[in-house]
Q: 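Below is the structure I would like to discuss, written out as structure tokens.
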Amino acid sequence: MLTALKRFKKLFTDTLVSICAVLCTLILVINVVNVVVRYLTSASFTYTEDITVISMLWIMGLGVSVGWINREHLLINLIDQFLGKRGMERLLLFQDIVGVAAGAAMIWLGRMSQAANTGFVQSVIGFDESFRYWPVLVGGGLLIVAALECIAERFAEWKEGGAEA
């Protein structure tokens with residue numbers, strides 16, 4: 001089971017990191033082209049800011065789950081001196097449960113924000129403003145998946161290691 005979870009984790013992170021790399025490259029290319037064109041012609045593309053903002057929102061939405069599943073989020077190492085190994089394992093399990101709740105909150109708040117902004121068009125491209133909240137919805141769902149994977153991996157490690165859950 002642990003091997004299957006680690007394969008899933010690798011596929012999950014590789015896919016999301018690749019998407020984020022494409023978005024970062026897109027941001028870089030359109031902004032460099034915009035600057036060069038603006039320098040040469042004194043004109044610029046009007047849509048670069050919209051594409052940059054939307055791309056950054058998607059990078060955030062996808063990246064939060066990558067950080068979680070790889071355990072690259074904030075962790076205070078001072079506490080482990082006082083809790084010991086077993087206490088830290090329980091604290092990290094609790095942290096992953098909070099991650100599931102945070103993902104659910106992201107979905108809920110993202111959906112509320114999306115509903116409140118449906119029908120408004122303020123971008124140069126002309127997309128509905130509710131589109132800006134899709135990364136929050138997707139990111140919340142991916143955070144739940146990442147936190148559940150961490151919980152499953154923790155239980156699989158306990159089972160293989162013979163430790164009590």
Side-chain angles (χ1 to χ4, degrees), residues 1-31 50-118 123 127-165:
M1 169 125 172
L2 192 56
T3 306
L5 287 169
K6 291 197 185 273
R7 272 196 309 260
F8 169 77
K9 181 186 209 175
K10 179 167 176 32
L11 178 65
F12 184 82
T13 56
D14 287 351
T15 302
L16 295 180
V17 167
S18 297
I19 293 168
C20 289
V22 168
L23 291 172
C24 283
T25 304
L26 174 69
I27 291 170
L28 176 72
V29 168
I30 66 166
N31 282 293
D50 287 340
I51 292 173
T52 300
V53 168
I54 291 297
S55 296
M56 290 298 290
L57 289 170
W58 277 104
I59 290 168
M60 177 278 312
L62 301 175
V64 70
S65 59
V66 173
W68 195 277
I69 203 167
N70 289 327
R71 302 197 185 284
E72 294 172 342
H73 46 74
L74 180 63
L75 181 65
I76 301 172
N77 292 332
L78 182 64
I79 297 172
D80 60 354
Q81 297 175 25
F82 302 108
L83 294 179
K85 185 177 190 287
R86 192 174 173 111
M88 276 304 292
E89 287 174 352
R90 289 184 176 155
L91 179 63
L92 293 173
L93 177 62
F94 174 73
Q95 176 181 308
D96 289 330
I97 293 168
V98 169
V100 172
M106 283 176 68
I107 292 172
W108 180 65
L109 291 170
R111 183 64 193 119
M112 286 178 46
S113 299
Q114 189 180 39
N117 287 285
T118 299
S123 68
F127 62 81
D128 192 279
E129 285 298 305
S130 65
F131 180 71
R132 291 184 190 265
Y133 298 95
W134 273 103
V136 179
L137 292 167
V138 172
L142 291 173
L143 178 57
I144 290 171
V145 170
L148 289 174
E149 190 282 336
C150 289
I151 291 169
E153 190 175 323
R154 189 166 308 286
F155 279 114
E157 287 172 351
W158 286 343
K159 186 176 179 182
E160 285 189 12
E164 296 176 13

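These numbers come from the heavy atoms of this one structure, side chains and all, not from hydrogens, waters or symmetry mates.
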Q: If I compare all heavy atoms of S65 with all of L16, which pair ends up nearest, and what's the gap?
A: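 S65 and L16 have their closest heavy atoms at OG-CD1, 3.4 Å.
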Q: For the atom pair CG (L57) and OH (Y133), what is the distance rounded to the nearest 0.5 Å?
A: 9.0 Å
Q: Could you state the interatomic distance from CG (L148) to CD1 (I144), rounded to the nearest 0.5 Å?
A: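 Output value for this atom pair is 7.0 Å.
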Q: Heavy-atom distance under 4.5 Å between the side chains of V66 and L62, does that happen here?
A: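 Sidechains of L62 and V66: no contact.
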Q: Please report the interatomic distance CD1(I27) to CD1(I51), rounded to the nearest 0.5 Å.
A: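 Those atoms lie 10.0 Å apart.
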Q: Indicate the atoms forming the closest heavy-atom contact of G63 with C20, along with that distance.
A: N-SG, 4.3 Å
Q: Identify the two heavy atoms, one from L137 and one from I107, that lie closest to each other, and give their separation to 0.1 Å.
A: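 So the minimum-distance heavy-atom pair works out to CD2-O, 3.2 Å.
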Q: Should T13 and I69 be marked as a side-chain contact (heavy atoms from CB on, under 4.5 Å) after you check the CA-CA gap, both sets of side-chain angles, and the distance that decides it?
A: CA-CA 8 Å; T13 56; I69 203 167; 3.3 Å; yes
Q: Of all the heavy-atom pairs spanning M106 and L143, show the shortest one and how long it is.
A: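 What the structure gives for the nearest pair is SD-CD2, 3.9 Å.
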Q: Can you confirm whether M60 is buried at CE, in the sense that more than 12 heavy atoms of other residues, nucleotides or ligands lie under 6.0 Å from that atom?
A: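 Yes, enclosed.
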Q: Would you call E89 and R86 a salt bridge, using N to O less than 4.0 angstrom?
A: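 Salt bridge flag = no for R86 with E89.
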Q: CD of Q95 to CZ of R154: how many Å apart, nearest 0.5 Å?
A: 8.0 Å
Q: Are D128 and Q114 close enough that some pair of their side-chain heavy atoms sits under 4.5 Å apart?
A: no
Q: Check this for me: W134, atom CH2, are more than 12 non-hydrogen atoms of other residues, nucleotides or ligands nearer than 6.0 Å?
A: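 Incorrect, the count does not exceed 12.
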Q: Could you check whether any side-chain heavy atom of E149 comes within less than 4.5 Å of a side-chain heavy atom of D96, counting everything from C-beta outward?
A: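 The answer is no; the side chains never approach within 4.5 Å.
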Q: Taking the side chain as C-beta and beyond, is there a heavy-atom pair between L142 and V64 under 4.5 Å?
A: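 When only atoms from C-beta onward are counted, V64 and L142 do not touch, as no gap falls below 4.5 Å.
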Q: Any chance you could measure K10, atom NZ, to R7, atom CZ, to the nearest 0.5 Å?
A: 12.5 Å
Q: Identify the two heavy atoms, one from L91 and one from L83, that lie closest to each other, and give their separation to 0.1 Å.
A: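 Shortest heavy-atom contact: CD2-CD1, 3.7 Å.
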Q: Under 4.5 Å between any side-chain heavy atoms of I30 and T52, yes or no?
A: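 When only atoms from C-beta onward are counted, T52 and I30 do touch, with a gap below 4.5 Å.
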Q: I need the L5 CG to F12 CZ distance, nearest 0.5 Å.
A: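 Answer rounded to 0.5 Å: 12.5 Å.
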Q: Between W58 and V22, does a side-chain contact (heavy atoms from CB on, under 4.5 Å) hold up when you go through it step by step?
A: CA-CA 11 Å; W58 277 104; V22 168; over 6 Å; no
